[in-house]
Trainee: 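The following block contains the structure, expressed as structure tokens.
Values reported hereafter were calculated over all heavy atoms of this structure, with side chains retained and with hydrogens, waters and symmetry mates removed. Everything numeric in this text was worked out from a predicted model, so none of it was measured. For reference, positions follow the sequence shown, starting with 1.
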Amino acid sequence: MVSRVTRVGDGVAGATVSVRRATARDARRLTRLVRGSRAYEGPYAPMIAGYRVGPDYIETHRVFVAVATGAVTAGSVTTGAVTAGAVTTGQAAGNAEADAARTDERLLGFYALVLDPPELDLMFVADTAQGLGIGRRLVEHMTDEARGAGLDAVRVVSHPPAEGFYRSVGARRTGTVAANPPAVMWDRPELEIPIPVVAVAVAVTDRGGSGGAPLS
């Protein structure tokens, strides 16, 4: 899943946007993105206070990152190759810019898929990558991963402001998860993302030339 940046905001000119498997070395950057999330400011802040995405978590679950590689500068990314849409937000803060400069790679967002039981445990998109369709790109990638693992649906306990985004990518509301003070002071929507089966067309050739019955 690769696209080219076709116009420039405050950020990455001539870069390529792709999704790759996270490694233990990404842990600090992912943690900074979560803790800097503007979506969790104000009354939502206690939920991510002290939150850590550790190397063990990355190695245990299917964690994937969306990154821009190529000509990296400071700020945001704007791409015409990815459809725009509302996304769950996050922000890489502090040394994220230095990390990007060292690796020729800018972190745009990430997701974590837990297989048993199936759940989209985390999904964040950097504030500077808002409106570029990165969230949709990550959900599409997650759907492919879930399908490959034999799953038919993935549960999501959504941050309340992100419910509309998940509905826009096909999730359906299944219930409500009650507040759990003091960390979670509000009820959260519970949703399910269906994982459709992809039909595979099979071409059959009659090499014997002697009238076999057609497949139906």
Trainee: Roughly how far, to the nearest 0.5 Å, is the CD1 atom of Ile193 from the CE atom of Met142?
Mentor: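 Here the rounded value is 4.0 Å.
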Trainee: With side-chain contact (heavy atoms from CB on, under 4.5 Å) as the criterion, how do Val17 and Arg137 come out once you've worked through the C-alpha distance, each side chain's angles and the decisive distance to 0.1 Å?
Mentor: CA-CA 10 Å; Val17 177; Arg137 167 72 69 88; 4.2 Å; yes
Trainee: Starting from the C-alpha separation in whole Å, work towards a yes-or-no answer on side-chain contact (heavy atoms from CB on, under 4.5 Å) for Thr23 and Ile58.
Mentor: CA-CA 6 Å; Thr23 70; Ile58 292 172; 5.5 Å; no
Trainee: To the nearest 0.5 Å, what is the distance between CZ on Arg38 and CG on Asp127?
Mentor: 4.5 Å
Trainee: My understanding is that only one of Val67, Val34, Ile134 makes a side-chain contact (heavy atoms from CB on, under 4.5 Å) with Phe110; could you say which?
Mentor: Val34
Trainee: Answer yes if Tyr51 and Leu107 sit in the same cluster of Ile, Leu, Val, Met, Phe, Trp and Tyr residues linked by side chain heavy atoms under 4.5 Å apart, and no otherwise.
Mentor: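 Result: yes, single cluster for both.
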Trainee: Tell me which donor-acceptor pairs under 3.5 Å the side chains of residues 184-191 have, and how far apart each pair is, sequence neighbours excluded?
Mentor:
unit_1, atom_1, unit_2, atom_2, d
Asp187, OD1, Ala179, N, 2.9
Glu190, OE2, Arg155, NE, 2.5
Glu190, OE2, Arg155, NH2, 3.2

Trainee: Is Val169 reachable from Val157 through a run of I, L, V, M, F, W or Y residues, each pair having side-chain heavy atoms under 4.5 Å apart?
Mentor: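 In one cluster: no.
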Trainee: For residues Asp121 and Tyr111, is any side-chain donor paired with an opposing acceptor at under 3.5 Å?
Mentor: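 Absent: no donor and acceptor within the cut-off.
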Trainee: Between Glu105 and Arg20 (salt bridge meaning N to carboxylate O under 4.0 Å), is one present in this structure?
Mentor: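 A salt bridge is present here (some side-chain N lies under 4.0 Å from a carboxylate O).
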Trainee: Any sub-3.5 Å donor-acceptor pair from Ser158's side-chain atoms to Pro160's backbone N or O?
Mentor: no
Trainee: How close do Gly54 and Ala27 get, counting heavy atoms only, and between which atoms?
Mentor: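 Distance-wise, the nearest heavy atoms are C-CB, 4.1 Å.
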Trainee: Using the rule that Ile, Leu, Val, Met, Phe, Trp and Tyr join whenever any side-chain heavy atoms are under 4.5 Å apart, tell me whether Val19 and Leu115 fall into a single cluster.
Mentor: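 Yes, Val19 and Leu115 fall within the same hydrophobic cluster.
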Trainee: Closest approach of Arg147 and Pro196, non-hydrogen atoms and distance?
Mentor: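 In terms of heavy atoms, the two residues are closest at NE-O, 2.7 Å.
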Trainee: Return the CG to CD1 distance between Leu151 and Ile195, rounded to the nearest 0.5 Å.
Mentor: 7.0 Å
Trainee: So which atom in Ala39 and which in His159 form the shortest heavy-atom distance, rounded to 0.1 Å?
Mentor: O-NE2, 2.7 Å
Trainee: Heavy-atom distance under 4.5 Å between the side chains of Val156 and Glu192, does that happen here?
Mentor: no
Trainee: Is there side-chain contact between Tyr166 and Arg172, with heavy atoms separated by less than 4.5 Å?
Mentor: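 In short, these two side chains do not touch, never coming nearer than 4.5 Å.
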Trainee: Could you go through Phe64 and Leu113, starting from their C-alpha distance and side-chain angles, then the distance that decides it, and tell me whether this counts as side-chain contact (heavy atoms from CB on, under 4.5 Å)?
Mentor: CA-CA 9 Å; Phe64 287 84; Leu113 175 64; over 6 Å; no
Trainee: Kindly work out whether a path of hydrophobic side-chain contacts (I/L/V/M/F/W/Y, heavy atoms less than 4.5 Å apart) joins Val114 to Leu30.
Mentor: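 Hydrophobic grouping puts Val114 apart from Leu30.
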Trainee: Could you go through Thr31 and Tyr57, starting from their C-alpha distance and side-chain angles, then the distance that decides it, and tell me whether this counts as side-chain contact (heavy atoms from CB on, under 4.5 Å)?
Mentor: CA-CA 11 Å; Thr31 296; Tyr57 180 90; over 6 Å; no
Trainee: Would you say that Pro55 contacts Arg25 through its side chain, given a criterion of any heavy-atom pair below 4.5 Å between the two side chains?
Mentor: no
Trainee: Compare every heavy atom of Gly109 with every heavy atom of Leu33, then report the nearest pair and how far apart it is.
Mentor: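 Heavy atoms of Leu33 and Gly109 come nearest at CD1-CA, 4.2 Å.
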Trainee: Quick one: CG on Leu138 to CG on Leu122, what's the gap to the nearest 0.5 Å?
Mentor: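 Going from the CG atom of Leu138 to the CG atom of Leu122 covers 12.0 Å.
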Trainee: Could you grab the distance from atom CD1 of Ile48 to atom CD of Glu41, nearest 0.5 Å is fine?
Mentor: 8.5 Å
Trainee: Would you say the side-chain atoms of Arg106 and Thr128 include a donor-acceptor pair closer than 3.5 Å?
Mentor: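 Indeed, the side chains of Arg106 and Thr128 share at least one donor-acceptor pair under 3.5 Å.
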Trainee: Are the aromatic rings of Tyr40 and Phe124 close, with centres under 6.0 Å apart?
Mentor: yes
Trainee: Hey, are Thr176 and Arg173 close enough side-chain-wise for a donor-acceptor pair under 3.5 Å?
Mentor: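 Yes, because at least one side-chain N or O of Arg173 sits under 3.5 Å from a partner of the opposite role on Thr176.
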Trainee: With a 4.0 Å cut-off, would you call Arg136 and Glu140 a salt bridge?
Mentor: no
